[in-house]
Each structure stands twice: as C-alpha cells, then as structure tokens.
Amino acid sequence: ILYIGSDHVIQQPGFDFQKQSLSITSNPQEAICSACRRDAAGVLNTYQIDLDAVTVKVPGQQVLSGFDSYDVLLPEDPSDHRIALCSRHALDALQFVGASFVQQ
C-alpha cells in the first residue's frame with residue numbers, strides 16, 4: 001500500500017518532470033502531513049502496486065554499468081518510507097484504491 005497526500009483526489013498520478021520520478025510513501029502519516037501542509041485538511045490518496053510486475057532496485061543491490069534502468073527505487077535508509085516510481089510502466093502498475101479526507 002502506498003500513499004500520496006495532496007489537496008485533491010489523484011486517481012492517476014504523474015511524474016515530477018524535473019526529477020523524472022514520482023515520490024510516493026508507504027507511511028500514511030507522512031502523506032497526511034503532506035496533505036495538510038497548506039490547509040487544516042487534505043486528501044490521502046491510496047494505491048497498490050504489484051512489485052512482481054515491475055523491476056525494483058532494492059537497497060544495497062549492486063548494479064552493473066548499463067543495467068540501471070529500474071521502474072521502482074526503494075530507499076537505502078530503512079527509516080525512509082519514500083519510494084520513487086521512475087517509469088511509465090511503474091505508473092501503469094500503480095492501482096488507485098481510494099481517497100479519504102484527512103485533517104491534522
């Protein structure tokens with residue numbers, strides 16, 4: 001289960017074109033903080049992703065030169081809950097589960 005906090009419902013997220021990835025979190029509280037950053041209330045968007053359907057770079061995995069094209073990058077730090085989706089394939093594998101209004 002993955003989350004994006006925002007001020008509106010996001011059924012199909014897109015890339016941050018400057019970073020060429022989408023930062024998404026596995027921590028709902030982190031997403032709620034992001035959703036409520038500007039106002040007292042926001043939206044918690046919830047998604048599922050089948051990691052077997054995408055290529056995943058796990059922490060500590062050695063990568064050979066030229067073989068660094070991954071769909072999903074997991075964080076190196078175990079306390080970091082942000083996951084980077086780095087391809088159109090990863091976005092297509094992301095399934096919208098629902099959205100709920102939240103407040104902090």
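Here the structure is a predicted model, which is why all the values come from computation and not from measurement.
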Does V9 belong to the same Ile/Leu/Val/Met/Phe/Trp/Tyr cluster as Y47, with side-chain heavy atoms less than 4.5 Å apart forming each link? yes
Here the pair of heavy atoms bringing G42 nearest to C36 is N-SG, 3.9 Å
Margin query: Is there a side-chain contact between L2 and L94 in this structure, where contact means two heavy atoms from C-beta onward sitting under 4.5 Å apart?
Written below: yes
Closest heavy-atom pair, S34 versus G5, reported as atoms and distance to 0.1 Å, is OG-O, 3.6 Å
On a heavy-atom basis, the closest approach of D71 and S87 is OD1-OG, 2.6 Å
Item to complete: Taking atom types as modelled, find out whether D77 and S79 have a side-chain donor-acceptor pair closer than 3.5 angstrom.
Response: yes
| said: When you compare the side chain of Y3 with that of N27, does any pair of heavy atoms fall below 4.5 Å? | reply: no
Nearest heavy-atom contact between P13 and L91 is O-CD2, 3.7 Å
The residue among V54, L85, T55 that forms side-chain contact (heavy atoms from CB on, under 4.5 Å) with Y70 is T55
Residue pairs meeting salt bridge (charged side-chain N to carboxylate O under 4.0 Å, His left out), one or both in residues 41-51, sequence neighbours left out, come to none
I want to check something: taking the side chain as every heavy atom from C-beta on, are F96 and N45 in contact at a cut-off of under 4.5 Å? yes
- Message: Using side-chain heavy atoms (C-beta onward) and a distance below 4.5 Å, is K57 in contact with E76?
- Response: yes
Original post:
Is I4 linked to V72 within one hydrophobic cluster, defined over Ile, Leu, Val, Met, Phe, Trp and Tyr using a side-chain heavy-atom separation of less than 4.5 Å?
Top reply: yes
I1 side chain reached by I49 side chain, heavy atoms, under 4.5 Å: no
Membership question, hydrophobic clusters at under 4.5 Å side-chain separation (ILVMFWY): are V102 and V43 in the same one? no
task: Check whether any side-chain heavy atom of I83 sits under 4.5 Å from a side-chain heavy atom of T25, and report yes or no.
output: no
The complete set of salt bridge (charged side-chain N to carboxylate O under 4.0 Å, His left out) pairs with one or both residues in residues 25-40, sequence neighbours excluded, reads D7-R38
* Could you check if a side-chain atom of C33 sits within less than 4.5 angstrom of a side-chain atom of Q104, using non-hydrogen atoms only? => yes
* Group every Ile, Leu, Val, Met, Phe, Trp and Tyr by side-chain heavy-atom contacts under 4.5 Å, then state whether L51 and L22 land in the same group. => yes
(message) For a 4.5 angstrom cut-off between non-hydrogen side-chain atoms, does S23 reach R82?
(response) yes
